[in-house]
Enquirer: 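What follows is a single structure, and I will ask about it in a moment.
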Amino acid sequence: MATEYRFSFGPWNIHTGADAFGPPVRDEFSFAEKLQFYEDLGFDGVQFHDDDVVSDADAPWSQQEQEAKDLKKLLDDRGLVAEFVAPRLWEHPNTIDGALTANSAEMRRYALERSKRAIDIANLIGTKNIVLWPAREGTYIRESKDPAAALEQIVEWLNALLEHDPEIRILGEMKPNEPMDQSYVPTTGHFVGLAYKTADPDRVGVLIESAHAILAGLDPADEMAYALYQGKLWSVHLNDQNGPKFDEDKAFGSVDLRRAFNQVRVLEKHGYGRSGEFVGLDVKAMRTQSKEVSTKHLRNSRAVFLRLVELVRSLDERRVQELIAARDYEELDLFIMQHLIGQ
Ligand code: 3MF
Ligand code: MG
């Protein structure tokens, strides 16, 4: 049976266009308006930071609990589901020097306590997936921290969360740089290595973002295959990236259609989505879009994914195998390109 893909994105993917060099260029949609877009655009999974669910992640628990319950009702009413919660550990004054790997024990404690609350929030909105994007776990200068000690701190954080809730799974979303000069756990492979050092490796996996793999000089489809092989690909952030520069979060397939095709092919071939995994997007609208048309990057990414699924399914695999057997990869190259351009 062919996989019926389900799609997700985070509310931050509908945004005001502010960047590091300029202010917002369009007004923010309200959260309720954003939720309406999920239905309009054909998405049913919602990805959250902890403070997308609650107004203040430092507020008394009773307040956070009520807000999380209210949000769950809003999702239920609209037939939406929460895919994951990611503690936003990179904006708070206590995480300036990193969260899990801050040099101050007090700051590391803050990060851990906040992450435990993120799990409690996840339980209230009905998901077992916790995403770690270790944005500030790295250095600006290498001498400021001990890299081996940092890895141990990350494993300690993972273990503490696995113990806090025996049901949750932790998905690492790795990125080699930005905002840090260099990250401590730059790729999926690095994180999977750490997963096996934890108390419960079966509950530690990954979310792979296409752009992050490209920034690391890696092929996103191969990264996905690496995680799929280990049974650890539990979410994706599909997007595109024009070479190693700042994280662009371009619409899926918009830079390199063939690279996108190969991501879809590896997902499709290895059963991604059959255990409820979402096809997640992490895409930004161009700053030049006006508010009224600032969700087209989501529409486009989903449409390109679905078209590529069709192309994967209609590829003449027998012919592919013949060309492989003949070791005629030049012919295979043209065959794939002709398939992609519809010849
Ligand atoms: C990073 C992420 C998110 C970021 C988001 C906001 C789960 O690639 O996917 O973390 O917070 O991109 O900019
Ligand atoms: Mg991402």
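Throughout, numbering of the chain's residues begins at 1 and tracks the sequence. This structure is a prediction, so every number in the text was calculated from the model and none was measured. In each ligand, atom 1 is the first atom listed, and ligand 1 is the first ligand listed.
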Enquirer: Is the closest basic N to carboxylate O distance between K175 and E209 below 4.0 Å?
Expert: no

Enquirer: Using the rule salt bridge (Lys or Arg N to Asp or Glu O under 4.0 Å), only one of R88, R114, R117 pairs with D50; which is it?
Expert: R114

Enquirer: For ligand 1, indicate whether the residue R88 contacts it via side chain, backbone, both or neither (heavy-atom separation under 4.0 Å).
Expert: neither

Enquirer: For atom 8 (O) of ligand 1, find the nearest protein heavy atom and state the residue, atom name and distance (0.1 Å precision).
Expert: E173 OE2, 2.8 Å

Enquirer: Which atom pairs, donor and acceptor, lie under 3.5 Å between side-chain atoms of residues 122-129 and protein residues at least two apart or in another chain?
Expert:
from : atom 1 : to   : atom 2 : distance (Å)
N123 : OD1    : K128 : NZ     : 2.7
N123 : ND2    : I119 : O      : 3.4
N123 : ND2    : D165 : OD2    : 2.7
T127 : OG1    : E83  : O      : 2.7
T127 : OG1    : N129 : N      : 3.1
N129 : OD1    : R169 : NE     : 3.1
N129 : OD1    : R169 : NH2    : 3.3
N129 : ND2    : E83  : O      : 3.2

Enquirer: At what distance is the nearest protein heavy atom to atom 13 (O) of ligand 1, and which residue and atom is it?
Expert: K284 NZ, 3.9 Å

Enquirer: Report yes if W133 has an N/O atom closer than 3.5 Å to an N/O atom of ligand 1; otherwise report no.
Expert: no

Enquirer: Less than 4.0 Å between a side-chain N and a carboxylate O, is that true for R109 and E106?
Expert: no

Enquirer: Among the heavy atoms of K175, does any lie under 4.0 Å from an atom of ligand 1?
Expert: no

Enquirer: To which protein heavy atom is atom 3 (C) of ligand 1 closest, and what is the distance rounded to 0.1 Å?
Expert: H49 NE2, 3.8 Å

Enquirer: Do you know which N/O/S atom name in E173 is closest to the Mg ion (ligand 2)?
Expert: OE2

Enquirer: Report the angle formed at the Mg ion (ligand 2) by atom OE1 of E209 and atom ND1 of H237, rounding to the nearest 10°.
Expert: 110°

Enquirer: Can you check whether F48 and F84 have ring centres sitting under 6.0 Å from each other?
Expert: no

Enquirer: If we check side-chain contact (heavy atoms from CB on, under 4.5 Å) with V264, which of these qualifies: Y272, F305, Y5?
Expert: F305

Enquirer: Taking it one step at a time, do R259 and D219 satisfy side chain to side chain contact (heavy atoms under 4.5 Å, CB included)?
Expert: CA-CA 8 Å; R259 188 168 58 193; D219 180 73; 4.1 Å; yes

Enquirer: Below 4.0 angstrom from a heavy atom of H212, which ligand 1 atoms are there? Numbered from 1 as shown, please.
Expert: 8 (O)

Enquirer: I'd like to know whether ligand 1 has Q47 as a neighbour, heavy-atom separation below 4.0 Å.
Expert: no

Enquirer: Would you mind checking which non-hydrogen protein atom is closest to atom 5 (C) of ligand 1, with the distance to 0.1 Å?
Expert: W12 NE1, 3.2 Å

Enquirer: Ligand 1 and H237, any nitrogen or oxygen pair closer than 3.5 angstrom?
Expert: yes

Enquirer: In plain terms, say whether K284 and D249 are close enough for a salt bridge, that is, a side-chain N and a carboxylate O under 4.0 Å apart.
Expert: yes

Enquirer: Quick test of your reading of the structure: of D282, N13, L132, whose heavy atom lies closest to atom 12 (O) of ligand 1?
Expert: D282

Enquirer: Charged N to carboxylate O below 4.0 Å: is that the case for R319 and E322?
Expert: yes

Enquirer: Taking non-hydrogen atoms only, is F9 closer than 4.0 angstrom to ligand 1 via side chain, backbone, both or neither?
Expert: neither

Enquirer: Please name the atom of D282, restricted to N, O or S, that is closest to the Mg ion (ligand 2).
Expert: OD2

Enquirer: So that I know where these two stand, are F278 and F7 an aromatic pair - ring centroids less than 6.0 Å apart?
Expert: no

